[in-house]
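I have placed the structure first, in the form of structure tokens, so that the comments after it can refer back to it.
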Amino acid sequence: MKLYLFSFLKEVYYSVQLYFQVKKPINSYSTIATRRVELQENPDLPKVDVLTQVITEQDEDGKYLTEVEMADKLFGFIVGGYDTTATTITLVMKYLKEKPEFFNEIMEEQNEISRNMMPRIVLCWDDIQKMRKTWSFVNEVLRDTPVVQGLFREAIEDITYNDFLIPKGWKIYLSFGATQKNGEYFPNPTKFDPCRFEGNGQLVPYTSAPFGGGHKICPGREFARILILVFLHNVLKNFQWEAKDPSEKILWPYFLVPIPTAGYPVTLSTV
């Protein structure tokens with residue numbers, strides 16, 4: 001059975017209600033306008049979905065978001081909540097096939113977890129916490145090929161850094177890709193080595209921050225970690241896969257999210 005892994009993950013995520021609510025307004029804003037009319041006609045309409053909450057959101061002056069601002073926020077939810085996790089899973093599976101020496105270690109860890117959880121067949125929180133080698137592998141993939149290239153922050157006061165003045169209000173760009181390949185923080189940075197993340201305390205804070213950091217750290221980081229680890233556990237235990245093109249390159253298209261050029265098509269077989 002041939003499968004385009006990135007495309008397959010995309011279809012899984014597209015089943016989430018949020019996507020169908022915002023797919024159309026990103027192109028024409030018609031769904032935003034339709035929902036706004038529905039809310040005007042029925043003020044008691046449940047405000048449980050993201051689209052409705054964005055439409056009814058007001059600032060301290062009682063001002064609503066414009067349709068452009070709404071679409072921008074909703075699109076951010078899609079990229080942050082879908083693209084990053086799906087891309088991470090795709091890259092991890094690609095790396096696992098390309099680095100069999102780590103594949104065997106991770107399979108051993110997953111097999112041990114499966115043995116210890118019997119007769120239970122569904123993962124629990126404690127099982128996920130034991131996936132240390134698997135999560136270290138994921139973190140090294142994200143260091144080597146960061147899904148999010150960087151982020152902007154605004155200087156809230158004048159800052160002097162290395163004799164350079166950064167005035168208040170200027171935007172500062174933090175490049176994860178540059179920091180995570182810096183030999184000062186990651187010795188031999190071109191070497192793929194998941195041991196960097198196995199809790200020896202040598203990592204400098206914020207040198208590897210795939211989910212950001214500080215009070216603006218990604219609110220979905222734990223959900224993403226659980227989703228990635230549960231997905232990998234079930235795939236590794238139940239399937240084998242072969243890449244259609246083992247030498248497939250990784251590109252950074254419009255949104256700077258790294259994806260395999262052809263979507264990483266694979267042939268799946270049951271174990």
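Computed from a predicted model, the values in this text were never measured in an experiment. Note that the numbering runs from 1 along the sequence shown for the chain.
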[X] side chain to [Y] side chain, donor-acceptor N/O pair below 3.5 angstrom:
X      : Y      : value
Ser175 : Gln149 : no
Gln180 : Thr207 : no
Tyr264 : Asp245 : no
Asn111 : Lys237 : yes
Tyr95  : Thr145 : yes
Thr52  : Asp49  : yes

Any non-hydrogen side-chain atom of [X] less than 4.5 Å from a side-chain atom of [Y]?
X      : Y      : value
Pro260 : Thr90  : yes
Leu268 : Gln240 : no
Phe197 : Glu140 : yes
Ile172 : Phe152 : no
Cys124 : Met117 : no
Val138 : Thr88  : yes
Ile259 : Ile250 : no

Discussion item. As a test of understanding, state which of Glu109, His233, Glu105 forms a side chain to side chain donor-acceptor pair (under 3.5 Å) with Thr134.
Written reply: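 When Glu109, His233, Glu105 are each tested with Thr134, the side chain to side chain donor-acceptor pair (under 3.5 Å) holds only for Glu109.
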Worksheet entry | Cluster link Ile226 to Ile113, ILVMFWY, side chain under 4.5 Å |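 Linked within one cluster.
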Item to complete: Could you please spell out the steps behind the salt bridge (charged side-chain N to carboxylate O under 4.0 Å, His left out) verdict for Glu67 and Arg36?
Response: CA-CA 10 Å; Glu67 290 190 354; Arg36 183 177 280 151; 3.4 Å; yes
Are the charged groups of [X] and [Y] less than 4.0 angstrom apart, N to O?
X      : Y      : answer
Lys133 : Glu198 : yes
Glu57  : Lys73  : yes
Arg115 : Glu112 : no

Worksheet item: Does Asp72 use its side chain to pair, donor to acceptor, with the backbone of Val68 at less than 3.5 Å?
Response: no
Item to complete: Hey, could you give me each pair passing ring-ring contact (aromatic ring centres under 6.0 Å, His included) that has a residue in residues 97-138? Not counting sequence neighbours.
Response: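 Only Phe102-Phe192, Phe137-Phe192 qualify under ring-ring contact (aromatic ring centres under 6.0 Å, His included).
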Discussion item. Apply side-chain contact (heavy atoms from CB on, under 4.5 Å) to residues Val141 and Val147 and explain how you reach the verdict.
Written reply: CA-CA 9 Å; Val141 170; Val147 170; over 6 Å; no
State, to 0.1 Å, how close [X] and [Y] come at their nearest heavy-atom pair, and which atoms those are.
X      : Y      : result
Leu142 : Pro210 : CD1-CB, 3.8 Å
Pro189 : Arg196 : CA-NH2, 4.0 Å
Ser208 : Phe186 : CB-CZ, 3.9 Å

Worksheet entry | From Met131 atom CE to Ile128 atom CD1, the distance as rounded to the nearest 0.5 Å | 5.5 Å
Discussion item. Other residues, nucleotides and ligands only: do more than 12 of their heavy atoms fall within 6.0 Å of CD on Glu108?
Written reply: no
Discussion item. More than 12 heavy atoms of other residues, nucleotides or ligands under 6.0 Å from CZ of Phe211: yes or no?
Written reply: yes
Worksheet item: Taking only residues at least two apart or on different chains, which pairs with a member in residues 182-194 satisfy salt bridge (charged side-chain N to carboxylate O under 4.0 Å, His left out)?
Response: none
